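Notes follow once the structure below has been shown.
Residue numbering restarts at 1 for every chain, and letters A, B, ... go by the order of the sequence lines. For clarity, every value in this text was computed on a predicted model and none was experimentally measured.
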Protein chains: 2
Amino acid sequence: MVDVAKAAGVSLATVSAAVNGSAPVSAALKGRIHKAIRQVGYKTNAIARSLKTGTTSTIGLMVADITNPFFTTTIHAIQELAHRHGYGVMLCCSDEDADKERMHLRLLADRMVDGFIVASAGETPELRALVEGGRTPVVLIDRLVDGLETDAVVIDNVAATRDAVRHLAAAGHRRIGLITGRRTLSTGRERYEGYRQALEEAGIAFEPALVGSARFGADDGYKAAAKLLSLADRPTAIFACNNLSGIGLMRAIHDAGLRCPDDIAVACFDDFDWANVFHPRLTTVAQPTQAIGVQAMLLLLERLKDATARALPPRVVRLKAELRVRDSSVRPAR
Amino acid sequence: MVDVAKAAGVSLATVSAAVNGSAPVSAALKGRIHKAIRQVGYKTNAIARSLKTGTTSTIGLMVADITNPFFTTTIHAIQELAHRHGYGVMLCCSDEDADKERMHLRLLADRMVDGFIVASAGETPELRALVEGGRTPVVLIDRLVDGLETDAVVIDNVAATRDAVRHLAAAGHRRIGLITGRRTLSTGRERYEGYRQALEEAGIAFEPALVGSARFGADDGYKAAAKLLSLADRPTAIFACNNLSGIGLMRAIHDAGLRCPDDIAVACFDDFDWANVFHPRLTTVAQPTQAIGVQAMLLLLERLKDATARALPPRVVRLKAELRVRDSSVRPAR
DNA sequence: TTGTACGCGTTATCAC
DNA sequence: GTGATAACGCGTACAA
């Protein structure tokens with residue numbers, strides 16, 4: 001920049017003012033300066049600017065599983081919006097591991113990101129300190145964390161699961177199995193609660209044996225499903241609480257020599273492109289993945305751009321998910 | 001840091017030396033300093049360090065479509081390795097749009113990332129300048145860019161497509177359709193070439209009418225497929241050059257009232273979790289997505305860590321993809 | 001080993 | 001409208 005100033009025959013301060021529009025500069029000088037910029041091949045150094053201004057125009061995005069199509073669409077929406085507002089996105093993935101999460105949170109804090117969007121894999125001191133410190137805005141997505149008072153965008157998991165299980169019950173199923181996710185996550189707890197509510201509504205007694213738990217991934221889902229399917233009095237319908245356990249469930253059904261939906265009805269959380277293409281076409285709970293990302297980024301942008309908004313009390317946005325009934329949950333007429 | 005020095009009763013330089021290990025510091029002092037660090041709540045300011053050292057410990061990762069499971073696994077591998085080596089990852093997504101790509105490339109350059117990994121949506125002056133400038137190492141993934149002499153990790157698309165189409169031909173198909181991607185991409189051209197080679201091998205005449213083009217996404221794939229299927233003398237097998245057009249293809253087959261593989265055999269590029277679960281189980285060309293990410297990051301790390309390695313000539317790593325034959329390409333015995 | 005002074009590229013605050 | 005100058009927080013060379 002000092003080179004530009006020299007080349008244009010003006011002072012450093014004037015160049016800065018011209019580049020940032022922070023002070024009025026005469027048109028003539030502006031022209032000379034911009035010409036000099038091109039001549040010298042000057043590029044603004046964001047690092048130096050950050051050091052001075054204390055802002056990096058970068059946000060930290062922390063998700064639990066980047067491989068999951070659910071997060072993928074959300075990430076995409078966040079990025080789009082962030083870039084439109086001049087923010088870069090530094091992405092980290094905890095792989096559902098709280099220890100990794102705290103490491104990455106530290107990495108992001110060191111890099112002085114201006115704000116965080118996080119789908120937490122579990123409460124950590126780092127996350128709590130971040131929120132309670134109040135220096136950097138944090139928006140939670142997908143999962144709430146107990147006692148963390150900060151902005152968040154989640155869906156109504158209780159209602160979503162209740163709807164899905166109610167749909168199964170309405171189709172005449174009385175033995176409805178559940179494959180839950182981790183109970184340490186708010187999503188896991190809420191979806192479990194939705195299941196129980198739907199059973200109660202339908203006057204079906206809760207049976208612990210019909211609830212399997214898949215903490216991680218498709219393999220866990222497979223095992224949990226296989227166990228349910230090997231029950232003497234096996235369920236006639238199963239709801240899987242995320243798309244990974246849904247994969248495991250479908251594989252287990254296939255391996256057990258059963259057919260879906262003829263022998264067993266299936267519905268699961270999280271819709272994806274292929275769900276509507278293959279057989280059986282899968283009944284899913286579709287989350288508004290895009291809207292989650294957009295909302296989260298909007299909340300964050302408010303806190304970032306507007307100094308007065310930083311003092312606002314935490315806002316929790318709860319979006320609705322949509323049940324998409326397809327073939328897998330509906331027994332064909334005989 | 002100056003506060004830490006005060007609290008520990010030592011000089012600034014000693015603190016810096018203790019933190020960075022750049023000079024020997026007595027154990028006693030080290031203890032005192034670390035205690036002071038905790039007391040003051042000192043966090044190293046990466047911005048200031050970057051300004052001084054000229055490195056940011058951050059790499060820029062630019063992909064064409066973050067929603068695509070193919071990229072997703074690769075991104076994951078890159079991140080994992082990057083974090084292990086103390087690098088942050090700034091992610092950008094061009095949405096297959098060259099203009100967006102140049103914007104994001106500029107954003108990343110402004111942020112002074114230490115290196116780039118890029119799946120380019122098309123050649124841009126920015127990308128070329130970056131590579132030719134030689135100041136920041138660039139590793140291309142998935143797609144080569146004509147005339148860009150830099151490190152790259154790609155797969156052998158010609159062989160992969162040839163294998164797949166050869167498999168179709170070996171099953172007795174003589175009218176084999178193709179749904180290509182964008183010809184401006186090296187992947188599109190190479191896969192097309194593999195198709196032609198396989199036909200020639202099998203002594204099948206090339207028919208332009210059997211080649212559909214899907215530039216973007218599943219909808220384009222649907223249209224291209226629908227056109228092929230409506231041909232008077234329609235193909236008995238179709239190969240789709242990516243997973244998005246594969247979705248479109250399967251949907252088109254369904255909507256045309258045809259069954260796969262009974263009426264039409266299908267294979268497509270890119271494997272994914274669900275391919276093996278639903279019916280028809282899809283025959284795919286599985287890319288070594290994880291290995292692509294690992295290799296790319298390793299190449300980049302070499303250039304980053306080792307000053308002498310920066311002068312090395314460009315290295316192109318070509319990995320092999322694997323044909324996974326499942327049900328969709330095999331006509332059941334009657 | 002330690003202290004000091006300087007520079008990295010900007011921006012902000014003054015004076016002119 | 002414009003120019004000089006002091007920070008921002010850290011690394012480092014050099015002198016003690």
ask   = Would B:Thr187 and B:Asp142 count as a side-chain contact (heavy atoms from CB on, under 4.5 Å) if you check the C-alpha gap in whole Å, the side-chain angles of each, and the deciding distance to 0.1 Å?
value = CA-CA 7 Å; B:Thr187 46; B:Asp142 190 44; 3.9 Å; yes
Once you round it to whole Å, what is the distance between [atom2] of [N] and [atom1] of [X]?
{"X": "A:Asn45", "N": "D:dC10", "atom1": "CG", "atom2": "C1'", "value": "15 Å"}
{"X": "A:Lys6", "N": "D:dG3", "atom1": "NZ", "atom2": "P", "value": "15 Å"}
{"X": "B:Leu51", "N": "D:dG9", "atom1": "CG", "atom2": "C1'", "value": "9 Å"}
{"X": "A:Met1", "N": "D:dG3", "atom1": "CE", "atom2": "P", "value": "14 Å"}

ask   = Hey, does the side chain of A:Asp114 reach the backbone of A:Ser57 with a donor-acceptor pair shorter than 3.5 angstrom?
value =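 Checked: pair present.
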ask   = Quick check: does any side chain N or O of A:Arg310 sit under 3.5 Å from a backbone N or O of A:Arg135, one acting as donor and the other as acceptor?
value =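 Checked: pair present.
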message = Just N and O in the side chain of A:Thr14: are any of them under 4.0 Å from OP1 or OP2 of D:dT2?
response =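 Answer no for this pair, as no side-chain N or O of A:Thr14 is under 4.0 Å from OP1 or OP2.
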query = Along DNA chain C, 5' to 3', what are the outermost nucleotides having an atom less than 4.0 Å from a heavy atom of chain B?
reply =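 Both ends considered, the range comes out as C:dT1 to C:dG9.
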Toward the 5' end of DNA chain C, by each residue's nearest nucleotide, B:Val10 or B:Lys52 =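 Between the two, 5'-proximity favours B:Val10.
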message = As an exercise, state the distance from CG of B:Asp151 to CD1 of B:Ile117, rounded to the nearest 0.5 Å.
response =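 It is 10.5 Å, given to the nearest 0.5 Å.
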query = Out of curiosity, B:Thr55 OG1 to B:Leu51 CG, how far, rounded to the nearest 0.5 Å?
reply =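 Taking OG1 in B:Thr55 and CG in B:Leu51, the distance rounds to 11.0 Å.
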task = Please tell me if the side chains of A:Ser186 and A:Val154 come closer than 4.5 Å, counting only heavy atoms from C-beta onward.
result =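 No - every pair of side-chain heavy atoms lies 4.5 Å or more apart.
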ask   = Which residues, if any, of residues 24-44 of chain A bring a heavy atom under 4.0 Å of DNA chain D?
value =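 Under 4.0 Å from DNA chain D: A:Pro24, A:Val25, A:Ser26, A:Leu29.
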ask   = So, are B:Arg143 and B:Glu96 salt-bridged, with charged N and O less than 4.0 Å apart?
value =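 Looking at B:Glu96 together with B:Arg143, the answer is yes, because their closest N to O distance falls below 4.0 Å.
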task = Between A:Ala13 and B:Ala17, name the one whose nearest nucleotide on DNA chain D is closer to the 5' end.
result =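 That would be A:Ala13.
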query = For residues B:Thr58 and A:Arg111, is any side-chain donor paired with an opposing acceptor at under 3.5 Å?
reply =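 A donor-acceptor contact under 3.5 Å links the two side chains.
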